[in-house]
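None of the values given here were measured: they were computed from a predicted structure.
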Amino acid sequence: MGYIEIPVDISYRLVNHGPVVLVSSRSPGGRYDIAPVAWNCPVGKSPPRILIAVGRSHATFENISSRGEFAVSVPCLGQEKLVRETGSVSGRDSDKFSEMNIEYTAGEKTDTRIPLGCSGYIECSLSETFETGKVALFIGDALAAAADPEAFSERIRPESEKGRTLHHLGGKVFALPSEKLSTV
């Protein structure tokens with residue numbers, strides 16, 4: 001089997017199939033915001049830490065930098081529209097929660113709004129920031145986490161509809177995990 005060459009500028013898509021997340025934050029002026037972030041990963045277990053990559057020109061960058069906290073929610077099957085819509089406008093120009101009628105609950109440990117219907121969420125305090133080029137890497141220490149019991153039971157459950165998380169493949173294309181594989 002031979003390989004086909006792919007453009008380097010989209011090569012990241014080979015490894016970027018983890019779930020897209022919705023990052024909730026609050027501006028210095030008090031406006032709640034939410035934005036999709038495709039580049040994210042866990043970076044520690046003790047303490048539990050999450051890394052998100054955010055463009056330095058985005059409102060989310062300003063919000064997290066100024067307030068030192070954020071929440072990461074994991075959208076699932078049926079929330080594609082929410083992901084697309086929240087990424088289509090800037091939180092500087094729009095009150096997304098009100099204008100998009102996003103149902104939410106208040107963060108338990110952070111001053112954020114958590115969108116309802118997601119597989120789960122993690123509230124974080126900002127631990128470290130690394131700025132590189134046009135992007136900032138935020139590392140947050142987990143303060144609180146919760147999940148839909150259909151979606152999560154010690155692991156995400158792709159065999160359940162609520163556990164079928166959205167995975168960004170590039171552009172407007174998403175995929176879903178389709179089954180659980182076991183090594184036993």
Hey, what do you get for [atom1] ([X]) to [atom2] ([Y]), rounding to the nearest 0.5 Å?
X      : Y      : atom1 : atom2 : answer
His58  : Ile64  : NE2   : CD1   : 12.0 Å
Lys162 : Cys76  : NZ    : SG    : 4.0 Å
Ser125 : Ile139 : OG    : CD1   : 12.0 Å
Thr165 : Leu77  : OG1   : CG    : 10.0 Å
Ile52  : Cys41  : CD1   : SG    : 11.0 Å
Phe97  : Thr86  : CZ    : OG1   : 9.0 Å

Exercise. Taking the six-membered ring for Trp, are Phe174 and His168 parallel (under 30°), tilted (30 to 60°) or perpendicular (over 60°)?
Worked result: tilted

Exercise. CD of Glu128: more than 12 outside heavy atoms within 6.0 angstrom?
Worked result: yes

Contacts of type side-chain contact (heavy atoms from CB on, under 4.5 Å), residue [X], not counting sequence neighbours:
X      : result
Ala53  : Trp39, Val135, Leu137
Thr105 : Ile114, Leu116
Ser94  : Val89, Lys96, Glu99
Arg157 : Ser153, Arg155, Glu159, Ser160

Shortest non-hydrogen contact from [X] toward [Y]:
X     : Y      : result
Ala59 : Ser90  : CB-OG, 4.3 Å
Leu82 : Pro115 : CD2-CB, 4.4 Å
Pro19 : Val74  : CB-CG1, 4.1 Å
Ala35 : Thr60  : CB-OG1, 3.5 Å

Please enumerate all residues that pass side-chain hydrogen bond (donor to acceptor under 3.5 Å, both in side chains) together with [X], with sequence neighbours excluded.
X     : value
Arg56 : Glu131
Ser25 : Asn63
Ser73 : none
Ser98 : Asp95

With the 4.5 Å side-chain cut-off for hydrophobic clustering, are [X] and [Y] part of the same group?
X      : Y      : result
Tyr32  : Ile102 : yes
Ile122 : Phe70  : yes
Leu126 : Val21  : yes
Leu22  : Val20  : yes

Exercise. Is the side chain of Arg67 donor-acceptor paired with the backbone N or O of Ser27 at a distance under 3.5 Å, no angle test?
Worked result: yes

For this session: Could you tell me whether the side chain of Thr112 and the main chain of Ala71 form a donor-acceptor pair under 3.5 Å?
Result: no

Seminar exercise, completed: residues 128-156 vs ring-ring contact (aromatic ring centres under 6.0 Å, His included), sequence neighbours excluded, gives Phe61-Phe138

What side-chain donor-acceptor pairs closer than 3.5 Å can you find for residues 141-150, not counting sequence neighbours?
residue, atom, partner, partner atom, Å
Asp141, OD1, Arg49, NE, 2.7
Asp148, OD1, Glu150, N, 2.7

For this session: Check Val37, Ile50, Asn40, Leu51 against Val72 for a side chain to side chain contact (heavy atoms under 4.5 Å, CB included) and give me the one that passes.
Result: Ile50

Problem set entry | Check: Val23 and Val54 side chains under 4.5 Å, non-hydrogen atoms | no

Problem set entry | Between Glu69 and Thr110, a side-chain donor and acceptor under 3.5 Å | no

Problem set entry | Residue list, salt bridge (Lys or Arg N to Asp or Glu O under 4.0 Å) with Glu62, at least two apart or on another chain | Arg92

Seminar exercise, completed: Residues at least two apart in sequence or cross-chain that pass salt bridge (Lys or Arg N to Asp or Glu O under 4.0 Å) with Lys81, listed by chain then number, are Glu85

